[in-house]
Amino acid sequence: MSGLDGVVGDARVVVCCGSGGVGKTTTAAVIGIEAARRGRNVVVVTIDPARRLADALGLPDGLAGAPQRVPLAGIEAGELWAMMLDTPAMFERVVRANATDTEQADRIVDNRFYQNIAEALSGTQEYMASEALHELHADERFDLVVVDTPPSRNALDFLEAPGVLARFLDHKAFRLMMVPTRTGFRVLSVATQPILRAIGRIVGSDVLTDAVAFFQAFAGMDVGFRERAEEVTALLHDDGTKFLLVSSPQRDTVTEAAWFADQIAEQGFTVAATVVNRLHPRFGDGSVADASRRADTARDRGERELAALWDNLADLRTVAQAERRELQPLVERVGAEAIVEVPLLPSDVHDVAALTVLGEHLFAVDDPAP
Amino acid sequence: MPPEILLSNVTALTELTATSLVIVAGKGGVGKTTVTAVLARAAADAGRRVLVVELDGKPTLDGLVPDVEVRHLSAPDLLEEYLFEHGFRRIAKRLVSTGVIDVIGTAAPGIDDLVVLGKIKQLERSGEWDLVVVDGPAAGHAITFLTAAPGLLDAARGGPVREQATAVQEMLSDPNRCQVVLVTLPETTPVNELIETSYAIEERVGVRLAPIVVNQVDPATDVPDPSDVSFGRARAQVDDAIAAAEFRRERIADQQAELDRLVDAVPLRQVRLTARPTASIDAGDVAALAAGLST
């Protein structure tokens, strides 16, 4: 097993999935650095609004909504770029690309209902992440796109994202407000629909007027959105797109990861590899009992400090064992050969040097001692 | 450590559960659920009537606090219930099945959070419990969740939504009724995120902040420098013990630096929960941590 060599190899897209707090962003950054080192022109997209990726890559001013070059000392062959998804800005770009004219686009982006969708509709972030993926994949500056998916409650949102707006527009609610006419659609006035009047009483009639105006402005654009959604879905299913599952060795994240692996398979995708971050090192082949016995002996002789050292070894081996036990269901689910273990480092990872050390584990030519 | 920063265990539980509602918040992976369970356990053991509230997602708290009541609140279900109770008795089901409810949720963002908060308020006011502990929303959702009410107060000029938002805002901004417990780990990224969140809450949400809970603090302070210790004639596994000691010492030094940084950056007191030697917290771990909190 040589880590992610075979997985990343000649991939065009790498999607990092997993629950929050397992090191997805860090993993995406490590893959980016290693790919650049191997001469690829890679862009890493993060959705995480926190500064994790910027901090890890040593970019003091944070990340912009457009790709920016990350300087990497000693790497000449490839290029590393990074960006943070700006969901509302991305949504506006998509609207403008699909609108028939500037006037239609302006009417939509100025609408408050649209702004709510762009900022707060559940699934919008994932949807725009998939749009960004599509855009960057088509960008000639890059031959590899690494996506760090949002920490969704439903980890599958990203895979279903391309269809989110299409489904929204498919709602009967939409049809309820629109009456087909010879020239397209006509929006019903709120007053003619008792159900809309009633909703207006709850949320306020201004709010409802905005919604109706949005659907009116959007008329005719849904075809373009649907086509785009199909393209993104096709890209996700492409052979050059690899899914990486990221987990940590705790019971809850392992359960989540195993469940996620099932869901990905059900959607017809394949998990190329599973990265388990932050595993405590085992510190040799000895057992917990070995170390405890030595600690007891030292204590009996009154060698307090020596006992503390052996106790410490026993403690750390206990945790390492517990983690490997928790990992077992995931090992059974995806197969031991598909798991890439990344050890917990003595120091927190927050610079390029530490990312490079992690890279040695993810892309080991020789299996690193676990 | 300045004494005003680190609470003694005696006052920790009192301060953390001083209000009738406690919302536990923190980024993914910091142990929000563990902290929720520990607070509930400690308060229940102190004789208080405790309710734990879980939001959406998979139920994870049940096994952690046996004999404490746990309620799962789901925003879609509550929105339906809300409509049912507010003049939509006949069509509440249809609103859901036709997807109109999604349009309502989008037209008035935050309405799903508001119905959840409204339900929490109802539970808090019911008099059935002395303490309601909420395992708060995940990831970066905490601020949106806590600002749902003022946002809707701006949007809705009248009607039931406005009434609900007003009542919820009253509860959240009353320091005798509600406080938010922020959870973090003694590591760089979680500490950065806690600093950001605490300032955002301070600026944008008028809610009382409880002492910070730092979860998984490694209690070991007595791992000696292996170069100062003689292993005698022992050879086997000596290198492992040395490597383990160096590893632990470096992690503890890092941890101390993060704890100190947190003290400097955020003017809130800290309560520290000890790391358990396990990769899965169970009811026994929760009880042990809770006992440490109240003795």
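All chains are named by letter (A, B, ...) in the order of the sequence lines, taking the proteins before the strands, and each is independently numbered beginning at 1.
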Item to check | For A:Asn111, all residues meeting side-chain hydrogen bond (donor to acceptor under 3.5 Å, both in side chains), sequence neighbours excluded | outcome: none
Checklist entry - So do B:Leu259 and B:Gln256 actually touch side chain to side chain, heavy atoms under 4.5 Å? => result yes
Checklist entry - By side-chain hydrogen bond (donor to acceptor under 3.5 Å, both in side chains), which residues pair with A:Asn312, not counting sequence neighbours? => result B:Arg248
Item to check | Contact class of A:Arg317 relative to chain B, heavy atoms under 4.5 angstrom | outcome: side chain
Next on the checklist: Is any side-chain heavy atom of B:Val30 closer than 4.5 Å to one of B:Glu193?
Outcome noted: no
Next on the checklist: Run the salt bridge (charged side-chain N to carboxylate O under 4.0 Å, His left out) test on B:Lys32 and B:Asp135 for me, step by step, so that the C-alpha distance in whole Å, both residues' side-chain angles and the decisive distance to 0.1 Å come before the verdict.
Outcome noted: CA-CA 7 Å; B:Lys32 208 160 42 69; B:Asp135 187 359; 3.0 Å; yes
Checklist entry - Looking at B:Pro224, B:Gly29, B:Ala275, B:Gly232, which one has more heavy-atom pairs under 4.5 Å with chain A than the rest? => result B:Pro224
Item to check | Under the ring-ring contact (aromatic ring centres under 6.0 Å, His included) test, residues paired with B:Phe231 that sit two or more places apart | outcome: A:Trp310
Checklist entry - Do B:Asn215 and B:Thr184 touch side chain to side chain, with heavy atoms closer than 4.5 Å? => result no
Next on the checklist: Is B:Thr33 in contact with chain A via its backbone, its side chain, both, or neither, using a 4.5 Å heavy-atom distance?
Outcome noted: neither
Item to check | Residue part contacting chain A, namely of B:Asn192, when any heavy atom lies under 4.5 Å | outcome: side chain
Checklist entry - Side-chain contact, heavy-atom cut-off 4.5 Å: A:Leu327 with A:Leu279? => result yes
Checklist entry - Side chain, backbone, both or neither: which part of A:Arg294 has an atom under 4.5 Å from a heavy atom of chain B? => result side chain
Item to check | Atom group of B:Ala245 that falls short of 4.5 Å from chain A, counting heavy atoms | outcome: both
Item to check | Interface residues of residues 295-302 of chain A facing chain B - heavy atom cut-off under 4.5 Å | outcome: none
Item to check | Candidate list A:Glu256, A:Glu326, A:Glu323, test side chain to side chain donor-acceptor pair (under 3.5 Å), partner A:Arg251, passing option | outcome: A:Glu326
Checklist entry - Do A:Thr46 and A:Leu85 come close enough that some side-chain heavy atom pair is under 4.5 Å? => result no
Next on the checklist: So for A:Leu344, is it side chain, backbone, both, or neither that comes closer than 4.5 Å to the heavy atoms of chain B?
Outcome noted: both
Checklist outcome for this item: Of the listed B:Gln237, B:Arg249, B:Glu246, the one with the largest count of heavy-atom pairs under 4.5 Å with chain A is B:Gln237
Next on the checklist: Less than 4.5 Å to any heavy atom of chain A: does that hold for the side chain of B:Ala253, its backbone, both, or neither?
Outcome noted: neither
Checklist entry - chain B: which of A:Val319, A:Asp315, A:Leu316 shares the most heavy-atom pairs with it under 4.5 Å? => result A:Leu316
Checklist entry - So, do B:Gln216 and B:Leu273 sit near enough that their side-chain heavy atoms are less than 4.5 Å apart? => result no
Checklist outcome for this item: Applying a strict 4.5 Å limit to non-hydrogen atoms, the region of B:Thr188 in contact with chain A is both
